[in-house]
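All values below were derived from every heavy atom in this structure, side-chain atoms included, with hydrogens, water molecules and symmetry-related copies excluded.
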Amino acid sequence: MKGNTGRIADVDLSSGTVSILQLPEETYRRYIGGSGLAARLFWDRADFSADPLSPEAILILMNGPLTGVKLSGVSRMNATARSPLTGGIAESSCGGHFPPALRLAGFDGLILSGRAKSPSVLLIENESVSVRDAGNLWGMGVLECTRELKKTYGKKSTSLVIGPAGENGVPFACILNEAHHAFGRCGMGAVMGAKNLKALVVQSGAGTLSLADPDRIKSLTRELNPRIKDYLISQILHDYGTSGNLEGHMYDGDVPMRNWTSSYDEEMASALTGSTLSETYLKKTATCAYCAVACKRIVQVDEGPFAVDEGPGPEYETVVAFGCLQGSPDLAAVCKAARICNDLGMDTISAGATIAWAMEAYEKGHLSDEQTGGIPLIWGDMDTVVRRILPMMAARDGKLGALLSMGSAAAARSIGADSIAYTAQSKGLEAPMHDTRGGHGHALAYAVSPRGACHVQSAMHFMETGACNYPEINFEFDLEALTHVKKAETMVLAAAIGGIENSACLCQFADRSLTLPEIVELINAAAGYGYDVPAMMEAGMRVFSLKRCINYRFGFRAADDDLTPRMKEPARDGDTAGIEIHFDEMKNQFYELMQFDPARGVPSRKKLIALGLAEEAEIVWSQEE
């Protein structure tokens, strides 16, 4: 096998036994790798009746076919499980240094099942995997634990670590590599914590890649790396980070504020944007393995109530979630909140969105002082957020900590008062910081995404904003953001492209300058799949369709492809004010184009069979409705 190693470690943490799973090469080709291959394994091996935090639940980590190639944007990997937050398929993607280290240690991925008898570390080195004691690490923050692992396993080791939130089963707990790069969404840290697994460590990855056409890979990386680095988006990301265009997004109505009640505040945008971060707190940039873009921020706040030592800085999503969304223009507070969330191991999107919802609920009188334990929830009160609320959420401590640690949808159902109407989530997953009123394609993309509200499960975000064109698949639309026109047709293509990107484990920033034929050529040169563009697109659609079938088995139906009233109401201010989202029209048209059943929410039996999913079609379509 080329590109991939053909070896997946199958780890039973209950017994401590490890076996090696070797899949047919055709399975890799049909599902690409990463997200697609993980979904295939999940369908085949998961207990669909298992609670997400039970020993019977499985957690899959999977590389793509390009992982380890020295090309900007390919050092990512996928995690798949059942989400403790949504109850559906959970997916998350992480860059950094662990993915190529795992490949060079001899593995494409890991399947983790069972529950270790005591807190443990999974050690990976040169084609071997073993379970080690980690009792001394349990309870540590992510940063301290990461440093201790470096002391034990060497400076060249790299790790995936959970914090106290994962240990305590917070359903939006995350997993971090080097205390900076995150499997942020869907509660992967809680799944890992429920297995008594504090960390995974690759101590040595001294292997080499076996590529289908190493000479062609060399020529492609020589050609593409400079282009990726010099691409306009890459330059902005390098100079100003992922929040570099926050001001532009604000003018477009793309930035949600005060729990999605506002879409425009010029002064706040200026206070929080990437150039302000660079001018005030940036110390240097950082990067994922082999990537020349270097979009990561290393920041330091020297003084004041939100001082932080030099270390990882906030991404765009975090800046908005702990800035605009909570009505605060304080960038130092954002840096502090980001650092606390990282160390506690909590997804900043879900944490920030849940707090913003609670602030509105408190303002409306739907959340009382008795329910908050006497803690006032005031817009922009970041001292209370960073010093009291975030630690309480991670510990699930007190009335307020226990409530908010549930996530916004479950918390809203708990307090009632129709407060679910002003959550911003789909299928229970809090929406990212891109407002549906600023780009109506986002509304459709969030609703039909298998994992819940998400802008990276598909390519809609970039296709709608004009950041990419794909003439080879007849996508040359000049889309208008504030309308439903051509959004369903675009979403069909975006779903397949998202399946490709997340299965090949491509960074959706770095690959924006690549054409689909170039992605085909890269995958073929690395793994020898023999793709052409139609075959790769079919594989992407197969992946998307399989995930829809997985969610069907978890009880999700077409009615769950929806947004909350807050996300569908017209914006109240800015240039997007008063413009209606024609959501039902977009969804219905997308369903028709995709041959989705209007009640079941999955492709027709005929469509599934055409995608090579005949057995899946039989299981899904044999169930009585």
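- Among all heavy-atom pairs drawn from Tyr446 and Pro432, the shortest one is OH-CG, 3.4 Å.
- Pairs passing the side chain to side chain donor-acceptor pair (under 3.5 Å) check and including a residue from residues 188-200, sequence neighbours excluded, read Glu167-Lys198.
- Among residues two or more places apart in sequence or in another chain, the salt bridge (charged side-chain N to carboxylate O under 4.0 Å, His left out) test is passed with Asp562 by Lys568.
- The backbone N or O of Gly135 sits less than 3.5 Å from a side-chain atom of Asp133, completing a donor-acceptor pair.
- Remark: the backbone N or O of Val456 is paired with a side-chain donor or acceptor of Gln508 at under 3.5 angstrom.
- Looking at heavy atoms from C-beta onward, Tyr552 lies in side-chain contact with Gln623 at the 4.5 angstrom threshold.
- Within the 3.5 Å criterion, the main-chain N or O of Leu611 finds a donor-acceptor partner in the side chain of Arg542.
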Take Leu506 and Val74, measure what side chain to side chain contact (heavy atoms under 4.5 Å, CB included) needs, and give me the verdict at the end. CA-CA 5 Å; Leu506 303 173; Val74 302; 3.8 Å; yes

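- Judged as a ring pair (Phe, Tyr, Trp, His ring centres under 6.0 Å), and not counting sequence neighbours, the contacts of Phe596 are Phe590, Tyr591.
- A donor-acceptor pair under 3.5 Å is formed between the side chain of Ser83 and the backbone N or O of Cys186.
- Contact detail for Gly64 and Cys505: the closest heavy-atom pair is N-SG, 3.5 Å.
- With sequence neighbours excluded, the residues forming a ring pair (Phe, Tyr, Trp, His ring centres under 6.0 Å) with Tyr316 are His249, His434, listed by chain and number.
- Inter-residue side-chain proximity for Phe322 and Cys341 is flagged as met; some heavy-atom pair is nearer than 4.5 Å.
- Nearest heavy atom pair, residue Gly106 against residue Thr5, reads O-OG1, 3.4 Å.
- Between the side chains of Thr287 and Lys296, no donor-acceptor pair of N or O atoms lies under 3.5 Å.
- A distance-only check finds no donor-acceptor pair linking the side chain of Lys2 to the backbone of Ser210 [under 3.5 Å].
- For Thr354 (side chain) and Ser408 (main-chain N/O), a donor-acceptor pair under 3.5 Å exists by modelled atom type.
- A 4.5 Å side-chain heavy-atom check between Asn342 and Val142 finds every atom pair outside the cut-off.
- Under the side chain to side chain donor-acceptor pair (under 3.5 Å) criterion, Lys336 pairs with no residue at all, not counting sequence neighbours.
- Between the CH2 atom of Trp621 and the CG atom of Asp597 there is a distance of 3.5 Å, given to the nearest 0.5 Å.
- Residue pairs meeting the ring pair (Phe, Tyr, Trp, His ring centres under 6.0 Å) criterion with at least one member in residues 45-69, sequence neighbours excluded: Phe42-Phe48, Phe48-Phe554.
- Considering only heavy atoms from C-beta on, Arg557 stays 4.5 Å or farther from Val602 through its side chain.
- Leu41 has its side chain within reach of Leu21: a pair of non-hydrogen atoms, C-beta onward, lies under 4.5 Å apart.
- Between Glu144 and Arg147 there is no salt bridge, since no side-chain N of the basic residue sits under 4.0 Å from a carboxylate O of the acidic one.
- Nearest approach of Leu613 to Arg40, heavy atoms of both residues: CD2-NH1, 4.3 Å.
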Before giving the answer on side chain to side chain contact (heavy atoms under 4.5 Å, CB included), spell out for Asn63 and Met77 the whole-Å C-alpha distance, their side-chain angles and the decisive distance to 0.1 Å. CA-CA 5 Å; Asn63 275 325; Met77 70 186 305; 3.3 Å; yes

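- A distance-only check finds a donor-acceptor pair linking the side chain of Asn524 to the backbone of Gly530 [under 3.5 Å].
- A distance of 9.5 Å separates OH of Tyr31 from CG of Leu37, quoted to the nearest 0.5 Å.
- Contact of the Ile111 side chain with the Ile8 side chain is registered, since non-hydrogen atoms from C-beta on lie closer than 4.5 Å.
- Listed here is the closest heavy atom pair of Pro65 and Ser503: CD-O, 3.8 Å.
- Residues forming a salt bridge (charged side-chain N to carboxylate O under 4.0 Å, His left out) with Arg451 (at least two apart in sequence, or on another chain): none.
- In this structure, the side chain of Glu315 does not engage the main chain of Thr318 through any donor-acceptor pair within 3.5 Å.
- Side-chain contact annotation: Ser35 with Lys547, donor-acceptor N/O pair under 3.5 Å present.
- Not a single ring pair (Phe, Tyr, Trp, His ring centres under 6.0 Å) links Phe107 to another residue, sequence neighbours left out.
- Applying the salt bridge (charged side-chain N to carboxylate O under 4.0 Å, His left out) test to pairs two or more places apart or on separate chains, none has a residue in residues 65-82.
- Contacts of Tyr529 classified as ring pair (Phe, Tyr, Trp, His ring centres under 6.0 Å), with partners at least two apart in sequence or in another chain: Tyr531.
- Taking a 6.0 Å sphere around CZ of Arg388, one finds it holds 12 or fewer heavy atoms contributed by other residues, nucleotides or ligands.
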Before you tell me yes or no, could you show the steps for Trp357 and Glu430 under side chain to side chain contact (heavy atoms under 4.5 Å, CB included), namely the whole-Å CA-CA distance, both residues' side-chain angles and the distance that decides it to 0.1 Å? CA-CA 10 Å; Trp357 162 83; Glu430 286 77 16; over 6 Å; no

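- More than 12 heavy atoms of other residues, nucleotides or ligands shown are found within 6.0 angstrom of CD on Gln22.
- Scanning for salt bridge (charged side-chain N to carboxylate O under 4.0 Å, His left out) contacts around Arg30 gives an empty result, with sequence neighbours left out.
- A salt bridge between Asp561 and Arg548 is present, with a side-chain N of the basic residue lying under 4.0 Å from a carboxylate O of the acidic one.
- The minimum heavy-atom distance linking Gly88 with Phe556 is given by the pair CA-CE1, 3.4 Å.
- To the nearest 0.5 Å, atoms OG1 (Thr80) and CD1 (Ile58) are separated by 9.0 Å.
- Of the options Glu178, His181, His97, a side-chain hydrogen bond (donor to acceptor under 3.5 Å, both in side chains) to Thr158 is made by Glu178 and by none of the others.
- Without hydrogens or angle criteria, Asn177 side chain to Leu160 main chain gives no donor-acceptor distance under 3.5 Å.
- Using a 4.0 Å cut-off between a side-chain N of Lys or Arg and a carboxylate O of Asp or Glu, Asp347 and Arg185 qualify as a salt bridge.
- Leu59 contributes atom CG, which lies 8.0 Å from atom CG of Leu197 (distance to the nearest 0.5 angstrom).
- If you take CE on Met346 and CE on Met393, they are separated by 5.0 Å, rounding to the nearest 0.5 Å.
- Between the side chain of Lys117 and the backbone N or O of Ser14 there is at least one donor-acceptor pair closer than 3.5 Å.
- Atom SG in Cys454 sits 8.5 Å away from atom CD in Glu91 (nearest 0.5 Å).
- A heavy-atom distance below 4.5 Å is not found between the side chains of Pro391 and Asp397.
- Evaluation of the salt bridge (charged side-chain N to carboxylate O under 4.0 Å, His left out) rule for Arg103 yields Asp108 as partners, not counting sequence neighbours.
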Yes or no on side chain to side chain contact (heavy atoms under 4.5 Å, CB included) for Leu176 and Val161, after CA distance, side-chain angles and deciding distance? CA-CA 5 Å; Leu176 288 104; Val161 175; 5.6 Å; no

